[in-house]
Q: 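One structure, as structure tokens, below. Some questions next.
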2 protein chains.
Amino acid sequence: MTTQLPARIRLLIVDDHPIVRDGLVSILHEGEPDLEVVGEAGDGKEGLAAWRRLRPTVTIMDLQLPELSGVEAIRLIRQEDPKANILVLTTFDGDADIHRAIEAGALGYLLKSVRRAVLIEAVRAVAAGQRYLPPATAARLVEGMELERLTPRETDVLRLLAQGERNREIADALGLAEPTVKIHVNNLLRKLQAKDRTEAAVIALKRGLVHLPR
Amino acid sequence: MTTQLPARIRLLIVDDHPIVRDGLVSILHEGEPDLEVVGEAGDGKEGLAAWRRLRPTVTIMDLQLPELSGVEAIRLIRQEDPKANILVLTTFDGDADIHRAIEAGALGYLLKSVRRAVLIEAVRAVAAGQRYLPPATAARLVEGMELERLTPRETDVLRLLAQGERNREIADALGLAEPTVKIHVNNLLRKLQAKDRTEAAVIALKRGLVHLPR
DNA sequence: AAAGACATAGATCAAAAGGTCTATAAAGAA
DNA sequence: TTCTTTATAGACCTTTTGATCTATGTCTTT
């Protein structure tokens, strides 16, 4: 189908921070003549549109994006082209988001704190269709698969719990009886290995299972 | 003392993310001939050393830095030169950190998500010795001054509370009686306007009063 | 010296949280 | 169909939390 010119790697950058976009462009261009940033986008929607227009070799994507979340954008892109190479570049290693991004079809994952050389290495790996995950992340991903799978309902409860809602309020918000909420909370404490709801809330935030409210 | 050539603004960038540093350099250089990045540093210690060596017009500083925190670095710099112009550039608007940074002597404050033009505007303002705060931040700072001042002991308790510790455990950890801890928790709930300890923990994290444990 | 803020702690009491049972029902997999 | 998972809910009990008192001692500021 596509006649490949092996030399050139065409890149699309999707990140809502202009500073980060410029930093990426600067690092990727300088001294790497075969890397070319062909497009940039500041939110998920623009990112998807740009991807459709440009069909880049690699899409570098942040997860926290306005309009359309990074995970959603990845899912939609991979739906249109299951071979699309996507490298996730995010600020914190909130495990849950990474997990979802990988499930949605991202090939690589990196923290924004990485050194320049690592970024380039990751871009080249993903451009070649290879997985790229920091070892620690890969390890946590495997553990995460096993241990902490939350059911949809538990996730609902956790989200409200992590905003400081009481069981009574959670029950009302979800249209449940309070004992039901208590069961879910109980399961959450066990799965998250938290000794009480406050620790559960902190763990949920730390792992990116829920996000801080505005 | 220093004979001033008004044209040139010499900048020092202190941020632990190479991507962000490159992004800043790129934005600040391009099309702004009077702005010159004369130095970069990747942690607080290096930042302080670079500042001593370079005495830049403006120091652009992240708050979350290894080795020496941004707030500490700001304090030390301002101790040596109370007229040093420091612009804080940070990822999240954790109010407490901003508050401390301003108290430590930062002149301006910006989120990393700002547009390029705003960044340049802020740099020029701070270079001229003027305060630069986004209106929303300024407003919150004023409120914050009034309402939410925590005592040192309350901060101790809050830190442990936000890790999910129980009153009993907090008491043991701090060498207090449990009733004393309860009083502090009570004061915290009132000052943070939280309805229970879980919400207090979330608020504390959101405002940057405490940080997520590693 | 007096006033105010802070830290300490004891005593109660009601509300909420958390643990442990049992039990029903729907959806999906073996 | 049978088994498993998930979601639902009731009952019971203990622990923890949070609210509200009173009270003391130390600082710092006025």
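Naming convention: chains lettered A, B, ... in sequence-line order (proteins, then strands); numbering from 1 in each chain. Bear in mind that the values here come from a model prediction, so they are computed numbers and not experimental data.
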Q: Say whether, by atom type as modelled, one donor and one acceptor occur between the side chain of B:Arg10 and the main chain of B:Thr57 under 3.5 angstrom.
A: no
Q: Which one of A:Gln64, A:Lys112, A:Arg21 satisfies the side chain to side chain donor-acceptor pair (under 3.5 Å) criterion with A:Asp15?
A: A:Lys112
Q: To the nearest angstrom, how far is A:Arg168 atom CZ from D:dA9 atom P?
A: 11 Å
Q: Does the pair B:Leu24 and B:Val37 meet the rule for a side-chain contact (heavy atoms from CB on, under 4.5 Å), with working shown?
A: CA-CA 9 Å; B:Leu24 289 173; B:Val37 176; over 6 Å; no
Q: Using a 4.0 Å cut-off to any heavy atom of chain B, which nucleotides of DNA chain C are the first and last in contact, reading 5' to 3'?
A: C:dC6 to C:dG10
Q: Side chains of B:Lys182 and B:Val185: does their closest heavy-atom pair fall under 4.5 Å?
A: no
Q: Is any side-chain nitrogen or oxygen of A:Arg153 closer than 4.0 Å to OP1 or OP2 of D:dT8?
A: yes
Q: Is the number of heavy atoms from other residues, nucleotides or ligands under 6.0 Å of B:Arg168 CZ greater than 12?
A: yes
Q: Nearest whole Å is fine: how far is D:dT16 C1' from A:Lys195 NZ?
A: 13 Å
Q: Select one nucleotide: of D:dG10, D:dT17, D:dA19, the one nearest the side-chain heavy atoms of B:Asn186.
A: D:dA19
Q: Rounding to a whole Å, what distance do you find between B:Arg166:CZ and D:dG18:C1'?
A: 16 Å
Q: Between A:Leu174 and A:Lys182, just flag the one whose closest nucleotide in DNA chain D comes earlier from the 5' side.
A: A:Leu174
Q: Examine D:dG18: is either OP1 or OP2 under 4.0 Å from a nitrogen or oxygen in the side chain of B:Arg197? Give yes or no.
A: yes
Q: Measuring from the side chain of A:Thr180 (C-beta onward, heavy atoms only), which nucleotide among D:dT16, D:dG18, D:dA9 has the closest atom?
A: D:dA9
Q: Take B:Pro179 and B:Glu154, find for each the nucleotide of DNA chain C with the closest heavy atom, and name the residue whose nucleotide sits nearer the 5' end.
A: B:Glu154
Q: Under 4.5 Å between any side-chain heavy atoms of A:Gln163 and B:Val202, yes or no?
A: no
Q: Does A:Arg78 use its side chain to pair, donor to acceptor, with the backbone of A:Ala84 at less than 3.5 Å?
A: yes
Q: State which of D:dA9, D:dG18, D:dA7 makes the closest approach to the side chain of B:Val185.
A: D:dG18
Q: So, does A:His184 get its side chain near the phosphate of D:dT6, meaning an N or O under 4.0 Å from OP1 or OP2?
A: no
Q: When the distance from CZ of B:Arg190 to P of D:dA19 is rounded to whole Å, what number comes out?
A: 10 Å
Q: Rounded to whole Å, please give me the gap between CD in A:Glu178 and C1' in D:dA7.
A: 17 Å
Q: Please report, rounded to the nearest Å, how far the C1' atom of D:dT20 is from the CG atom of B:Leu189.
A: 14 Å
Q: Just to be sure I understand the rule, does A:Asn167 reach a base, reach only the sugar-phosphate, or reach nothing, if contact means heavy atoms closer than 4.0 Å?
A: sugar-phosphate
Q: Can you measure B:Ile183 atom CD1 to D:dT24 atom C1' for me and round it to whole angstrom units?
A: 13 Å
Q: Rounding to an integer number of Å, can you tell me how far B:Glu169 CD sits from D:dT16 P?
A: 9 Å
